[in-house]
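Written below as structure tokens is the structure these notes are about.
Here is the naming used below: chain letters follow the sequence lines, and residue numbers restart at 1 for every chain. Note that the structure is a prediction, hence the values are computed from the model and not measured.
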Protein chains: 2
Amino acid sequence: MDTTQRTDQQRSADRRRRELLEAADRVVLRDGPQASMNAIAAEAGITKPILYRHFGDKGGLYAALAKRHTDALLASLRAALDAPADRRERVESTLETYLAAIEARPQVYRFLMHPAEGSQGGDQGFDVGKHSVPLLRRMGEELAQVIEERVDLGPESQQLARVWGHGIVGMMHAAGDWWLGERPCSRAELVRSLADLLWGRLAAAGDKVGGPGF
Amino acid sequence: MDTTQRTDQQRSADRRRRELLEAADRVVLRDGPQASMNAIAAEAGITKPILYRHFGDKGGLYAALAKRHTDALLASLRAALDAPADRRERVESTLETYLAAIEARPQVYRFLMHPAEGSQGGDQGFDVGKHSVPLLRRMGEELAQVIEERVDLGPESQQLARVWGHGIVGMMHAAGDWWLGERPCSRAELVRSLADLLWGRLAAAGDKVGGPGF
DNA sequence: ATGCGATGTTACTTGCGGTAACAGGAGTGT
DNA sequence: ACACTCCTGTTACCGCAAGTAACATCGCAT
């Protein structure tokens, strides 16, 4: 029951865990989100039950994997959001960062965006915190926080910031998803168009004359 | 090879198909999106292979079911979009329509929004058109069309309209999803906040002074 | 009656998530 | 040296859902 020893074992376990996650990462990147536990175990050079000992169930592995990428992506986004620049510039650079990320690794992106299966908490009592929230929520909350920190929205600012956070993230996500599938324009054009939308160009534009139905 | 007879049988098959879809609907509404084919067949009073004869595979049934609801929802949305009113009013009423729909039938909503499984096309050669597009895309395209019809965006209007269509739909979707889960405010408030966002209030708001990191 | 096509069934295969039970190997107390 | 206990790893299995093959049946035109 020596503390140092337990720490030692913990360290070893954590290393294994990281190796397994990297193997899982490789498989997901190769086979897409429907990668089987068997395949992941094989890639890691071991067998299924070990994965289950480490992550509880597939949801646990999903969550752990998602957390890695989500943390990384959120770090980049926060950097872009917090840059000492004009707001419009910050918005554009954030969009740019996000789109570049999903363009660079579409497989990972597809994996992250899956609600997939509804997991119920780990029974093994692992240290998995409640990070089962599917990326979009976390991005929305983060953005909401930044908005509330930096933009003056008067009373109700918190509420408004959260709505906007989730809304803007959703806009980014849907547009990015569509763009990634069809590639109808360059990344820069997409960024510009979205920023224009957020800048109220929809309200400013005039009605088109002679449309169908008056 | 008589045409009338074939039409007769077709009619019968179509009726069956509709019955099956309604049964599937009931099950999905009760059990959520992970409803099994067995359960659906049982609800319809038949057995699995019949479902497969009618829909090819689970993806086919998914697509058919999704098409029904999508068509219905899109019809309501188009009505709101095409109302003879001020643009802001139309936007708000469209948001309202969408949110009311997902609020009224969250189970169906959850079902529709799932990418779930990557389906590869039907091999049986059924008459399923390529409507495997998961709702969000269709809503995006529809909205894009309406925007391009009614809003004057100068040159590049088509491109811009499509980006905006998908972006706005994504905003609506993400905000709606979050709102449905947490219910942080009334529907009307949500609608107002989102419309405000689209109306450029983000650009118009001032910087907050004394934020962290300045 | 008889062949034919649509409709329906039972019973099977395959594949995956998840688990039980067993098999060493390294440190530890006696 | 010996047993005891963790930890890591395996094989072999269960349950369940998707999808299929092969058989049974009814209606009908000739």
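- For Phe111(A) and Tyr62(A), the gap between ring centers is short of 6.0 Å.
- Applying the salt bridge (charged side-chain N to carboxylate O under 4.0 Å, His left out) criterion to Arg201(B), with sequence neighbours excluded, gives Asp196(B).
- Computed from coordinates, the Arg53(A) CZ to dA21(C) C1' distance equals 11 Å when rounded to whole Å.
- Considering only side-chain atoms of Pro49(B), the nucleotide from dT11(D), dG9(D), dT9(C) that sits closest is dT9(C).
- OP1 or OP2 of dG8(C) lies within a sub-4.0 Å distance of a side-chain N or O belonging to Arg16(B).
- Following rounding to the nearest Å, Leu61(A) (CG) and dG18(C) (C1') show an atom-to-atom distance of 14 Å.
- Atoms CD1 (Ile50(A)) and C1' (dT11(D)) sit 12 Å apart, rounded to a whole Å.
- For the pair His54(B) NE2 and dT9(C) P, the computed distance is 11 Å after rounding to whole Å.
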Donor-acceptor pairs are to be reported for all side-chain atoms of residues 29-39 of chain B against protein atoms at under 3.5 Å, with residues two or more places apart or in another chain.
| residue | atom | partner | partner atom | Å |
| --- | --- | --- | --- | --- |
| Arg30(B) | NH2 | Glu43(B) | OE1 | 3.2 |
| Gln34(B) | NE2 | Asp31(B) | O | 3.1 |
| Ser36(B) | OG | Asn38(B) | N | 3.4 |
| Ser36(B) | OG | Ala39(B) | N | 3.0 |

Could you run down the sub-3.5 Å N/O contacts of the protein with nucleotides 14-19 of chain D?
| residue | atom | partner | partner atom | Å |
| --- | --- | --- | --- | --- |
| dA18(D) | OP1 | Lys58(B) | NZ | 2.5 |
| dA18(D) | OP2 | Met37(B) | N | 3.0 |
| dA18(D) | N7 | Lys48(B) | NZ | 3.4 |
| dG19(D) | OP2 | Tyr52(B) | OH | 3.4 |
| dG19(D) | OP2 | Lys58(B) | N | 2.9 |
| dG19(D) | N7 | Lys48(B) | NZ | 3.0 |
| dG19(D) | O6 | Lys48(B) | NZ | 2.6 |

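- In summary, Arg15(A) and Glu19(A) engage in a salt bridge, as defined by a charged side-chain N under 4.0 Å from a carboxylate O.
- The phosphate of dG8(C) (OP1 or OP2) has no side-chain N or O of Thr47(B) nearer than 4.0 angstrom.
- Counting to the nearest Å, the P atom of dC7(D) and the CZ atom of Arg17(A) are 16 Å from each other.
- No salt bridge links Arg192(A) with Glu92(A); every basic N to acidic carboxylate O contact stays at or beyond 4.0 Å.
- Residues Arg18(B) and Asp25(B) are not paired through a salt bridge, judged by the lack of any N-O separation under 4.0 Å between the basic side chain and the carboxylate.
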